[in-house]
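Presented below is the structure to which this report refers.
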Amino acid sequence: MGKWIVCAAWPYVNAVPHLGTLIGSVLSADVYARYLRLKGEDVIFVSGSDEHGTPIEVEARKRGLEPKKLTDEVHEYVKELFKKFGISFSNYTRTETQTHIEFVREFLMKMYENGYIFTQDIEMPYCPKDQIYLPDRFIVGECPYCKYPHARGDQCENCGKLLEPTQLVNPRCVFCNSKPEIRKTKHWYFNLPKLAETLKKFIEEHPHFPDNVKAFCLNWLKEGLKPRAVTRDNKWGIPAPFPGAENKTVYVWFDALLGYISATKEYSEKIGKPNLWREYWLDKNTKTIYFIGKDNIPFHAIIFPAMLIASGEGYTLPWQIAATEYLTFEGEKFSKSRGIGVWIDEALELMDADYWRFTLIYMRPEVRDSNFTWKEFYRIVNSELNDAIGNFIHRVLSFIYKNYNGVVPKPGELDRVDLEYKDKIVKAKDKVAKLMDNNRLKLALNEVVNIAREGNAYLNTKAPWDKIKSKPEDAATTMWVGVNSIKSLAILLEPFIPFSAEKIWNLLNLPGSVHEQKWDSIGVFDIKPGHKINKPKPLFRKLPPDFLKRVNEILVKIRLNIKRPSVLE
RNA sequence: AGCGGGGUAGGGCAGCCAGGUAGCCCGCGGGGCUCAUAACCCCGAGGUCGGUGGUUCAAAUCCACCCCCCGCUACCA
């Protein structure tokens with residue numbers, strides 16, 4: 001048994017997360033954390049709301065609110081949604097907690113004391129009307145190359161050229177359209193180049209990072225690391241701890257990444273063992289795994305390890321980075337402003353959590369972007385979840401219920417077909433585990449569905465509905481194998497669809513909870529003859545044939561009626 | 001533009017790192033079954049594996065170039 005910290009990227013709470021955010025970080029991490037627990041590992045699973053930074057400050061200002069008021073409400077709302085999705089966090093917190101703020105300030109001071117922080121004056125565009133310094137992309141103007149009038153300060157979306165804000169013709173503040181002026185300001189920088197060699201070694205010699213993460217990072221390193229500003233002139237954020245930096249705040253990335261540690265610390269405090277977090281984070285044998293989207297790789301594979309090293313405290317460095325590609329929605333990018341996509345609160349109004357968990361993992365963008373379509377959603381719910389899994393379970397349980405009064409019959413000797421099916425389940429235990437270990441959650445789930453498919457084929461081959469008349473002992477054997485395989489199936493399904501797995505456990509009338517079972521008990525057929533099961537009822541319902549025609553209309557209604565925090569209206 | 005990843009039957013995906021007559025699910029055509037939620041099972045049709053060239057006895061797999069999609073390019077997070 002080993003110590004694990006499972007980390008899910010912190011959702012930025014300027015809005016309700018959409019399905020892509022869910023599958024990329026929080027949901028994938030939950031599946032993995034649940035799997036580890038079944039394996040008997042010692043797991044702390046953390047995440048939280050990332051609530052600082054310019055976009056939130058601006059979003060709040062637009063609504064005439066204090067940023068804290070905005071994030072207070074959105075945080076509570078999102079936290080509750082994740083609970084409904086069955087995300088089994090040890091601690092889901094936020095970056096505005098006292099624990100986090102103090103931790104970040106102390107941590108950055110250690111980096112400072114160790115000589116990794118220096119200051120530099122730079123010139124930044126400043127909006128005199130809004131009284132904020134403007135990041136490049138918050139300045140718009142005409143592209144000097146293609147004359148596109150809405151080019152951003154970092155890049156023209158029309159011609160794709162990379163730009164400097166000073167190149168824009170007629171530059172304007174994206175919020176109020178005033179002309180930005182250039183002001184000089186002092187900032188505190190993290191001396192990344194100082195760690196270039198150490199980081200190169202860390203990544204090159206890393207035994208677990210996937211090839212794409214390695215290649216990406218080594219390329220970054222090859223081009224040379226640049227110092228990175230740790231401070232911002234924003235009002236909203238954690239006050240920078242450095243001497244002379246009293247009016248600055250901490251750049252949101254240096255704050256959010258440390259949340260993984262501070263959330264563990266807070267968890268320790270909550271359970272009354274305030275020093276427990278050290279036993280995890282300061283132990284080199286603790287495995288930390290980060291579930292993130294592909295855009296986040298450099299922050300987790302380079303900047304975060306660099307910070308951990310610079311602190312000099314001996315924190316355990318990332319053990320694995322499980323980066324997903326992107327989920328698109330009906331062929332387009334999710335877009336809040338254009339209303340493209342489904343947001344996780346709306347999703348729950350439409351279907352229960354397990355339907356989403358199942359379909360999203362089934363579509364998980366593991367090696368390339370994948371596309372969410374309602375057609376595919378409909379197909380996966382109806383043919384995979386319902387027909388393959390739900391129906392297999394229901395056929396076995398209702399057969400036992402009707403023919404044996406719900407009592408598991410006494411099996412005869414297992415024949416070749418019985419043994420072959422049992423063997424498939426035993427093999428699936430290792431097959432699924434191996435895929436999970438390699439972060440191929442989608443393929444792992446597919447293997448689990450295969451067990452149900454094989455189960456259906458097994459039933460057809462054995463035809464207990466005939467045998468119960470001609471050779472009752474054989475029908476009894478089939479049902480004993482069937483009910484035991486369903487027990488294994490429940491455990492295999494637990495990481496993916498925990499609510500339904502628990503329902504199966506209850507239908508089987510087994511003691512305790514499926515969540516507390518052991519992975520190694522998969523393939524162990526220990527339900528004894530004479531065991532009484534509960535009255536079966538179908539686990540899932542199918543989407544109606546007109547679903548695809550009606551889904552947009554349904555969604556419109558959901559959007560009209562949904563109760564979001566007032567700050568988001 | 002540079003760097004990274006991807007392009008495999010109508011749809012969704014695996015195989016590629018360790019080359020050996022292309023595999024899974026859905027859909028489609030045919031058959032079977034009737035325990036089960038019109039569910040289940042079996043058989044079949046359907047692909048010159050983005051393009052071109054190369055290495056090799058043999059290339060989806062290795063190499064080169066090209067086309068298309070996605071991401072990153074350090075002050076969005």
Side-chain angles (χ1 to χ4, degrees), chain A residues 9-12 14 50 52-56 58 122 124-125 133-139 152-155 160-162 165 187 192 211-220 222-229 232-233 251-253 256 293-299 302-303 323 325-326 328 331 333 362-371 373 375-376 378-380 382-384 386-388 390-403 440 442-443 446 449-450 453 455-468 475 478-479 482 536-542 545:
Chain A
W10 290 41
Y12 197 64
N14 60 341
D50 179 8
H52 298 135
T54 312
I56 282 178
V58 165
I122 54 156
M124 281 280 294
Y133 284 89
L134 295 166
D136 292 353
R137 66 164 49 194
F138 288 159
I139 301 170
R152 290 190 323 220
D154 56 344
Q155 184 168 27
K161 279 227 166 49
L162 293 178
H187 280 294
L192 272 171
D211 292 344
N212 60 344
V213 171
K214 276 195 183 182
F216 186 95
C217 293
L218 289 173
N219 184 47
W220 243 54
K222 206 169 67 191
E223 286 175 15
L225 290 176
K226 298 172 198 165
R228 201 161 175 117
R232 288 290 183 276
D233 284 304
Y251 174 39
V252 60
W253 262 110
K294 61 177 162 183
D295 52 332
N296 259 326
I297 292 170
F299 293 99
I302 294 182
I303 295 177
E325 305 284 313
Y326 276 178
T328 55
K333 286 182 200 175
Y362 222 91
M363 299 178 197
R364 186 167 185 260
E366 298 192 341
V367 290
R368 65 177 74 88
D369 290 356
S370 66
N371 186 20
T373 59
K375 199 180 160 200
E376 187 66 2
Y378 177 86
R379 184 189 79 70
I380 295 170
N382 283 10
S383 349
E384 317 277 355
N386 184 79
D387 293 349
N391 186 44
F392 168 60
I393 292 169
H394 194 63
R395 315 171 65 176
V396 172
L397 298 187
S398 55
F399 195 93
I400 292 177
Y401 203 78
K402 283 177 190 163
N403 294 288
R440 301 301 296 270
K442 166 163 60 180
L443 301 186
N446 205 26
V449 178
N450 273 338
R453 286 201 190 97
N456 277 318
Y458 167 73
L459 290 183
N460 281 40
T461 309
K462 299 285 291 187
W465 47 90
D466 282 342
K467 293 292 167 54
I468 198 157
T478 304
M479 283 303 117
K537 45 175 194 259
L539 278 168
F540 309 107
R541 64 192 160 86
K542 292 185 85 150

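Below, chains carry the letters A, B, ... as their sequence lines are ordered, and counting in each starts from 1.
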What does [X] touch in the nucleic acid at a heavy-atom separation under 4.0 angstrom: a base, only the sugar-phosphate, or nothing?
{"X": "A/Phe138", "value": "nothing"}
{"X": "A/Asn386", "value": "base"}
{"X": "A/Thr373", "value": "nothing"}
{"X": "A/Trp10", "value": "nothing"}
{"X": "A/Thr328", "value": "nothing"}
{"X": "A/Ala229", "value": "nothing"}
{"X": "A/Arg152", "value": "nothing"}
{"X": "A/Leu397", "value": "nothing"}
{"X": "A/Ile400", "value": "nothing"}
{"X": "A/Asn403", "value": "nothing"}
{"X": "A/Val367", "value": "sugar-phosphate"}
{"X": "A/Met363", "value": "nothing"}
{"X": "A/Gly482", "value": "nothing"}
{"X": "A/Pro55", "value": "sugar-phosphate"}

Nearest to the side chain of [X], heavy atoms from C-beta on, is which of [options]?
{"X": "A/Trp220", "options": "B/rG11, B/rA74, B/rA36", "result": "B/rA74"}
{"X": "A/Asp136", "options": "B/rG32, B/rC75, B/rG15", "result": "B/rC75"}
{"X": "A/Lys226", "options": "B/rG71, B/rA74, B/rU73", "result": "B/rA74"}
{"X": "A/Arg228", "options": "B/rC42, B/rG7, B/rC75", "result": "B/rC75"}
{"X": "A/Lys542", "options": "B/rA77, B/rU37, B/rC35", "result": "B/rU37"}
{"X": "A/Arg440", "options": "B/rG15, B/rA77, B/rC41", "result": "B/rG15"}
{"X": "A/Asp369", "options": "B/rC75, B/rC70, B/rA77", "result": "B/rC70"}
{"X": "A/Asn391", "options": "B/rA77, B/rG71, B/rA39", "result": "B/rA39"}
{"X": "A/Arg137", "options": "B/rA77, B/rC76, B/rA36", "result": "B/rC76"}
{"X": "A/Tyr326", "options": "B/rA39, B/rG71, B/rC35", "result": "B/rG71"}

Atom [atom1] of [X] to atom [atom2] of [N]: distance rounded to whole Å?
{"X": "A/Tyr458", "N": "B/rC42", "atom1": "OH", "atom2": "C1'", "value": "19 Å"}
{"X": "A/Asn446", "N": "B/rC26", "atom1": "CG", "atom2": "P", "value": "10 Å"}
{"X": "A/Lys375", "N": "B/rG10", "atom1": "NZ", "atom2": "P", "value": "12 Å"}
{"X": "A/Asn456", "N": "B/rA39", "atom1": "CG", "atom2": "C1'", "value": "9 Å"}
{"X": "A/Asn296", "N": "B/rU73", "atom1": "CG", "atom2": "P", "value": "10 Å"}
{"X": "A/Met479", "N": "B/rC35", "atom1": "CE", "atom2": "C1'", "value": "7 Å"}
{"X": "A/Phe299", "N": "B/rA74", "atom1": "CZ", "atom2": "C1'", "value": "7 Å"}
{"X": "A/Phe392", "N": "B/rC41", "atom1": "CZ", "atom2": "P", "value": "11 Å"}

If we take the [atom1] atom in both [N] and [M], what is their distance in whole Å?
{"N": "B/rG15", "M": "B/rG50", "atom1": "P", "value": "14 Å"}
{"N": "B/rU55", "M": "B/rC26", "atom1": "C1'", "value": "39 Å"}
{"N": "B/rG6", "M": "B/rC17", "atom1": "P", "value": "13 Å"}
{"N": "B/rC41", "M": "B/rG47", "atom1": "P", "value": "26 Å"}
{"N": "B/rU52", "M": "B/rG12", "atom1": "C1'", "value": "29 Å"}
{"N": "B/rG23", "M": "B/rC40", "atom1": "P", "value": "24 Å"}
{"N": "B/rG44", "M": "B/rC25", "atom1": "P", "value": "13 Å"}
{"N": "B/rC62", "M": "B/rC16", "atom1": "C1'", "value": "10 Å"}

Give, for atom [atom1] of [X] and atom [atom2] of [Y], the distance between the pair rounded to the nearest 0.5 Å.
{"X": "A/Thr478", "Y": "A/Phe399", "atom1": "OG1", "atom2": "CZ", "result": "8.5 Å"}
{"X": "A/Asn403", "Y": "A/Met479", "atom1": "CG", "atom2": "CE", "result": "8.0 Å"}
{"X": "A/Thr328", "Y": "A/Asp369", "atom1": "OG1", "atom2": "CG", "result": "6.5 Å"}
{"X": "A/Ile380", "Y": "A/Thr373", "atom1": "CD1", "atom2": "OG1", "result": "8.0 Å"}

With both distances under 3.5 angstrom, what nucleotide forms a Watson-Crick or G-U wobble pair with B/rG19? none
Base partner of B/rG4, which must satisfy Watson-Crick or wobble distances under 3.5 Å: B/rC70
Within-4.5 Å side-chain heavy-atom neighbours: [X] and [Y]:
{"X": "A/Trp253", "Y": "A/Ile303", "answer": "no"}
{"X": "A/Arg453", "Y": "A/Glu384", "answer": "yes"}
{"X": "A/Asp233", "Y": "A/His187", "answer": "yes"}
{"X": "A/Arg440", "Y": "A/Asn446", "answer": "no"}
{"X": "A/Leu225", "Y": "A/Ile302", "answer": "yes"}

Would the base of B/rC72 count as contacting A/Asp295 through its side chain, where contact means a donor and an acceptor less than 3.5 Å apart? no
Is there a donor and acceptor pair closer than 3.5 Å between the side chain of A/Arg379 and the base of B/rC26? no
For [X] and [N], is the shortest distance between a side-chain N/O and OP1 or OP2 below 4.0 Å?
{"X": "A/Tyr251", "N": "B/rA77", "value": "yes"}
{"X": "A/Lys294", "N": "B/rG6", "value": "no"}
{"X": "A/Arg368", "N": "B/rA14", "value": "yes"}
{"X": "A/Arg541", "N": "B/rU37", "value": "no"}

Base of B/rA36 and ring of A/Phe399 stacked, centres under 5.5 Å, planes under 30°: no
Determine whether the aromatic ring of A/Trp465 stacks with the base of B/rC35, defined as ring centroids separated by less than 5.5 Å and ring planes inclined by less than 30°. yes
Please assess A/Glu325 against A/Lys294 for the test salt bridge (Lys or Arg N to Asp or Glu O under 4.0 Å), listing each intermediate value before the final yes or no. CA-CA 5 Å; A/Glu325 305 284 313; A/Lys294 61 177 162 183; 2.9 Å; yes
